[in-house]
Every structure is written in C-alpha cells, then in structure tokens.
Asker: 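Below are the structure tokens for one structure; questions will follow.
Atom set for the values below is all heavy atoms of this structure, side chains included, hydrogens, waters and symmetry mates excluded.
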Amino acid sequence: MAGLWRSYQALMTKHPWTLQIITAGSLVGVGDVISQQLIERRGLANHSIRRTTKMMSIGFFFVGPVVGGWYKVLDKLVTGGTKSAALKKMLADQVGFAPCFLGAFLGISGALSGLTVKENVVKLKRDYMDALISNYYLWPPVQIANFYFIPLHHRMAVVQIVAVAWNAYLSWKANKI
C-alpha cells in the first residue's frame, strides 16, 4: 500500500491535473457501481454499463476539471493555512460553490440521461433541496479538515475518496426516476 501511495504521489508531482481528472472520473464510476449494486440492488445481470460510463464521463469532464479548478481559485481567494482560513474556505465552498455545482451535476446527469429541459427542471425541483441538505450533513467537516490539513495538490484525491459514498448517493439521486 505504501508503494502505491508513493507511485500516486510521484504521478501527482509530474501530472497533477491529469491525475486529478482521472481520479475523479474513476471514483464517480465506482460510486455508480456501488449505487447500482448496494443501494439499488440491481445485481450484475442488470447492471447498466451505459449508466456507469455516463457517470464516469461526468466525473472526467465535469467533476474533475471543475472541482480541481475551484480549489486553485479558492486558494487564491483565501490565502494561508490557518484554522480561520480553512473555515473561510469551507464557507465559500459550501455557500457559494456547492449549491451551483450540485445543480449543474444533477442537470448534466439529467441531460445525459435524455431528459427534456422540462423533465430536467421537474427532476431538479424534486431532488435538488434534498441533495443539498444531504451535502451539508457530510461536506462541511470534511472540507474544514481538507482545507486545514491537506496540501492543495492532494485535496481533490481526499475529496474523491470521501466522495465514493457521496457519488453513490448522487448517482442514485441523479438516476432515480
């Protein structure tokens, strides 16, 4: 395990942006597999590879670049590694970024699932607040710790590891009819 971590750190040093995007896409996919198999109990015969691929695409092309870019911007907006700075970053993240990101994630997922604009709006009205409230149960303490203890280049990985369970929830929420 230590060797795997060293390899990851070496790759992060050489190709941080690419590795963050690959990590995000892969772990969004893992979250979808968990959603389909453990939450929805579809079984392997009824597993939707198409859905997992769709969710991974959202991870690769939306989650990875947007969250990775947000952390860079946030570190420029709020400088320092103090507890106060970590609290300010968490508040900016949870009050400013999370509501927009979550709405966009659910909207993109609906669009990729073939929903019309009207159907997507109805789904967003139904699911958004519940997902946002669930977000606030999980992410504020995770983000305070992340912003205080974790260097910028590892934040995305930490968030994505914690987010495996969150991704399973979002996949279930995004794909619930």
Side-chain angles (χ1 to χ4, degrees), residues 19-74 89-147 150 154-177:
L19 191 58
Q20 286 178 7
I21 290 170
I22 290 169
T23 300
S26 299
L27 292 177
V28 170
V30 168
D32 180 68
V33 170
I34 290 169
S35 176
Q36 289 190 55
Q37 296 307 314
L38 298 180
I39 297 172
E40 300 165 43
R41 300 193 183 277
R42 288 176 162 231
L44 295 177
N46 293 318
H47 186 92
S48 172
I49 298 294
R50 184 171 187 222
R51 178 177 136 181
T52 300
T53 303
K54 175 191 74 169
M55 295 306 293
M56 288 179 74
S57 296
I58 294 171
F60 290 133
F61 298 109
F62 176 68
V63 175
V66 171
V67 174
W70 167 243
Y71 287 157
K72 288 178 183 178
V73 168
L74 190 56
K89 287 177 185 178
M90 183 278 294
L91 287 171
D93 183 66
Q94 292 301 301
V95 174
F97 180 76
C100 299
F101 177 82
L102 186 56
F105 181 93
L106 292 172
I108 291 167
S109 178
L112 291 177
S113 294
L115 297 181
T116 66
V117 171
K118 186 176 180 179
E119 291 168 333
N120 214 354
V121 168
V122 168
K123 188 166 179 9
L124 280 167
K125 284 180 180 178
R126 183 189 76 200
D127 294 341
Y128 177 77
M129 281 309 293
D130 183 47
L132 186 61
I133 290 166
S134 297
N135 169 85
Y136 289 140
Y137 281 114
L138 174 64
W139 289 109
V142 170
Q143 290 295 54
I144 286 176
N146 197 28
F147 294 135
I150 308 299
H154 288 305
R155 285 187 191 145
M156 180 73 144
V158 168
V159 164
Q160 288 304 313
I161 290 167
V162 173
V164 168
W166 179 246
N167 293 337
Y169 168 79
L170 278 183
S171 180
W172 169 76
K173 186 62 97 174
N175 290 285
K176 188 174 75 170
I177 296 173

Asker: May I ask you to decide if Y71's main-chain N or O and R155's side chain share a donor-acceptor pair within less than 3.5 Å?
Answerer: no
Asker: Is the closest side-chain heavy-atom distance between W139 and V162 below 4.5 Å?
Answerer: yes
Asker: Rounded to the nearest 0.5 Å, how far does CZ of F60 lie from OG1 of T53?
Answerer: 9.5 Å
Asker: Name every donor-acceptor pair, under 3.5 Å, that has one atom in a side chain of residues 93-111 and the other anywhere in the protein, sequence neighbours excluded.
Answerer:
| from | atom 1 | to | atom 2 | distance (Å) |
| --- | --- | --- | --- | --- |
| D93 | OD1 | W70 | NE1 | 2.8 |
| D93 | OD2 | Q143 | NE2 | 3.0 |
| Q94 | OE1 | N135 | ND2 | 2.7 |

Asker: How many angstroms lie between CD in E119 and CG in L124, if you round to the nearest 0.5 Å?
Answerer: 12.0 Å
Asker: To the nearest 0.5 Å, what is the distance between CZ on F147 and CG on L74?
Answerer: 5.0 Å
Asker: Got a second to check how far K176's NZ is from R126's CZ, nearest 0.5 Å?
Answerer: 5.0 Å
Asker: Sub-3.5 Å donor-acceptor pair from the side chain of S26 to the main-chain atoms of I22, do we have one?
Answerer: yes
Asker: Any chance you could measure I34, atom CD1, to T52, atom OG1, to the nearest 0.5 Å?
Answerer: 11.0 Å
Asker: For residues R51 and S113, is any side-chain donor paired with an opposing acceptor at under 3.5 Å?
Answerer: no
Asker: Would you mind reporting whether I58 and L112 have side-chain heavy atoms less than 4.5 Å apart?
Answerer: yes
Asker: Distance from N175 atom CG to D32 atom CG, nearest 0.5 Å?
Answerer: 6.5 Å
Asker: Are side-chain heavy atoms of N146 and M90 found at a separation under 4.5 Å?
Answerer: no
Asker: In terms of side-chain heavy atoms, does Q36 have a donor or acceptor partner in S48 at a distance below 3.5 Å?
Answerer: no
Asker: Residues in side-chain contact (heavy atoms from CB on, under 4.5 Å) with D130, at least two apart?
Answerer: S134, Y169, K173
